[in-house]
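This report refers to the structure that appears directly beneath it.
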Amino acid sequence: MLSPWVRIAAALFAVSWGANQFAPMQLVYREHLGLGNGSFTAMLASYVVGLVPALLYFGRVSDRFGRRAVIRPMIPVGIVSSLVLIAGAAVPDLLYLGRVLAGLASGMAFGAGTAWMKELSSTAPAGAGARRAAMSLSAGFGCGALFAGVIAQWLPAPELLPYLVHIALMVGALALVWAVPDERIRSTDLTATPLSVLATPQFRWGIAPWAPWVFGVATVSFATLPPLVSESLRSTSVAFTGLVAALTLITGAVIQPWAKRWSQQDDAVTGIRVGITLGVLGFGAATVVAYTDGALSVAAIVVAAFLLGSCYGILLGSGLASVERLAPADELAQTVAVFYCLIYVGFAVPFVISLLAPDLGYATCFAGSALLMLLSVAVGRKVKDRHLTRT
């Protein structure tokens, strides 16, 4: 019999699969619907429109009514999102709606599911809940992109089959999580009260400034880089996009045991610094892609995906572990939800790059991104230290 936390991990895996199954579809929709890079990255980012309100609202609902009250209805929403994406092959504007619904399902799942995972991991070593949640999410993100890319590349009906796989996963997840125990003490008070954690310098200056780069680096890896070499790959470009996304995100899952060592420190400073350093190196590899072509550029993308994926995984694990340490039990899901809102701001990075690159060039955009990453840590750390000195 599966442990309760494994059942919740399956639900997080399934919903994150759905969140990222869209990533390798850019070239499919470019060929079949004539979508340009700007339109696709806007669709990719429209996911955040559903995600952010859902995170903020359902995190609060979860802390008041329990985790199961949110996770159970989340699964039908995820199923509907894939059905709408299927319809988007005939009516392209529905792709925006499908992505918004995928964001809604993710927003319902991430805060409540991560908090539930921690509560179900209470007998495990400290930080186990955060690591299990990070691994489940990262594995789902990576596998969704990988299998969607493979299916869309080599099987018929590329606008249909990837989404049918996700629907099947969500149905299975519903069966697994239905009877998972939810023993948290609940109240029916949904009065919005300020979260105490958000007022602390540890959150405001030690986490918030760099948080958007968690998904900023990941989305650049799988949304911005593969199209730069699509002409060189031609017949395998869709599968390559899925492979890059999978390499990026599964690397983020695999690196969690190392992230564990760094996140056990009081404020996970070492993990954050290591993550940012790997991110800067990843943007350096991305710059090589902008200056080369052929096999060298493909190899540079693989290196960039590994480095940016490592950055993503370490920052995600360190951030979740820090939030778990800072948040009281009755604010945990809400605080995790705020953290997810911050990291998903990074989904806008590929869109901004797509707007700036025609004038500035991709190399300049990647170099500027690396500089901004460094500043997000340096400025935040300096302000945090100054605040702590005064108090």
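FYI, the numbering just counts along the sequence from 1.
- The two residues Thr335 and Ala327 have their closest heavy-atom pair at OG1-CB, 3.7 Å.
- Here the side chains of Phe283 and Val220 are in contact, with some heavy-atom distance below 4.5 Å.
- Using bins of under 30°, 30° to 60° and over 60° for the plane-to-plane angle, the ring pair Tyr344/Phe110 lands in the parallel bin.
- Residue Glu119 holds its CD atom at 11.0 Å from OG1 of Thr114, rounded to the nearest 0.5 Å.
- Looking at Gln21 and Ser82, their side chains do bring a donor and an acceptor atom within 3.5 Å of each other.
- The nearest pair of heavy atoms linking Ser322 to Ile207 is CB-CD1, 3.7 Å.
- No donor-acceptor distance shorter than 3.5 angstrom exists from the side chain of Thr251 to the backbone of Gly309, with no hydrogens or angles considered.
- With hydrogens and angles ignored, the 3.5 Å screen pairs a side-chain donor or acceptor of His166 with a backbone N or O of Ala14.
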Quiz item: Run the side-chain contact (heavy atoms from CB on, under 4.5 Å) check on Leu95 and Leu33 step by step: do they pass?
Solution: CA-CA 11 Å; Leu95 294 174; Leu33 302 178; 4.0 Å; yes

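- Pairing each heavy atom of Leu51 with each of Gly107, the nearest pair is CD1-N, 3.6 Å.
- Put simply, the side chain of Arg99 never gets that close to the backbone of Val48: no donor and acceptor are under 3.5 Å apart.
- Taking every heavy atom of both residues into account, Leu308 and Gly279 meet most closely at CD2-O, 3.6 Å.
- Between Tyr312 and Phe215, the ring-plane angle classifies as tilted under the 30° and 60° cut-offs.
- Summarising the local packing, CZ of Phe240 is surrounded by more than 12 heavy atoms from other residues, nucleotides or ligands at distances under 6.0 Å.
- Between the CD atom of Glu159 and the CD1 atom of Ile86 there is a distance of 10.5 Å, given to the nearest 0.5 Å.
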Practice problem: Check step by step if side-chain contact (heavy atoms from CB on, under 4.5 Å) holds for Tyr340 and Leu320. | Solution: CA-CA 9 Å; Tyr340 278 121; Leu320 284 174; 3.9 Å; yes

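- A heavy-atom distance below 4.5 Å is not found between the side chains of Val180 and Trp5.
- In terms of hydrophobic clustering, with Ile, Leu, Val, Met, Phe, Trp and Tyr side chains grouped at heavy-atom distances under 4.5 Å, Leu332 and Phe65 are assigned to a common cluster.
- Trp116 does not carry Arg68 over the face of its six-membered ring by the limits of under 6.0 Å from the centre and within 45° of the normal.
- Under the 4.5 Å side-chain criterion, counting only non-hydrogen atoms from C-beta, Leu83 is not in contact with Tyr163.
- Put simply, the side chain of Trp213 never gets that close to the backbone of Pro209: no donor and acceptor are under 3.5 Å apart.
- Contact annotation: the side chain of Ser138 approaches that of Leu316 to within less than 4.5 Å [non-hydrogen atoms, C-beta and beyond].
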Practice problem: List the steps and the verdict of ring-ring contact (aromatic ring centres under 6.0 Å, His included) for Phe22 and Tyr29. | Solution: CA-CA 10 Å; Phe22 193 73; Tyr29 291 129; 5.7 Å; yes

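- Linking Ile, Leu, Val, Met, Phe, Trp and Tyr whenever their side-chain heavy atoms come within less than 4.5 Å puts Phe147 and Leu169 in one cluster.
- Ser62 and Arg67 share a donor-acceptor pair across their side chains, judged by distance under 3.5 Å alone.
- For the pair Leu243 and Leu146, the tightest heavy-atom approach, listed with the atom from each and the gap, is CA-CD1, 4.1 Å.
- One hydrophobic cluster holds both Val70 and Leu176 under the rule that ILVMFWY side chains link at heavy-atom gaps under 4.5 Å.
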Practice problem: Before giving the answer on side-chain contact (heavy atoms from CB on, under 4.5 Å), spell out for Phe203 and Val323 the whole-Å C-alpha distance, their side-chain angles and the decisive distance to 0.1 Å. | Solution: CA-CA 8 Å; Phe203 187 91; Val323 166; 4.2 Å; yes

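- Under the 4.5 Å side-chain criterion, counting only non-hydrogen atoms from C-beta, Val288 is not in contact with Tyr291.
- Taken from CZ in Phe351 to CE in Met43, the straight-line distance is 12.0 Å, to the nearest 0.5 Å.
- Although no hydrogens or angles enter the test, the distance criterion places a donor-acceptor pair under 3.5 Å between the side chain of Thr219 and the main chain of Gly216.
- Hydrophobic clustering places Leu160 together with Leu101 (ILVMFWY residues linked when any side-chain heavy atoms are closer than 4.5 Å, directly or through intermediates).
- Residues Val177 and Ile75 are in side-chain contact: their nearest non-hydrogen atoms beyond the backbone lie under 4.5 Å apart.
- Side-chain contact between Val229 and Asp293: absent, with no pair of heavy atoms (C-beta onward) separated by less than 4.5 Å.
- Here Leu174 contributes atom CG and Ile71 contributes atom CD1; the two are 11.5 Å apart, rounded to the nearest 0.5 Å.
- Between the side chains of Ser221 and Thr248, at least one donor-acceptor pair of N or O atoms lies under 3.5 Å.
- In the hydrophobic cluster analysis, where Ile, Leu, Val, Met, Phe, Trp and Tyr join through side-chain heavy atoms closer than 4.5 angstrom, Trp178 is grouped together with Met170.
- Contact record, Ser136 with Ala9: OG-CB, 3.2 Å, taken as the closest heavy-atom pair.
- Taking CD of Glu324 as the reference point, atom CE of Met117 lies at 10.0 Å (rounded to 0.5 Å).
- With Asn20 contributing its side chain and Gly142 its backbone, the two residues share no donor-acceptor pair below 3.5 Å.
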Practice problem: Take Leu371 and Val280, measure what side-chain contact (heavy atoms from CB on, under 4.5 Å) needs, and give me the verdict at the end. | Solution: CA-CA 8 Å; Leu371 178 60; Val280 170; over 6 Å; no

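- Side-chain atoms of Phe13 and Phe141, non-hydrogen and from C-beta on, never get closer than 4.5 Å to each other.
- In this structure, the separation between CE on Met25 and CD1 on Ile151 is 9.5 Å, given to the nearest 0.5 Å.
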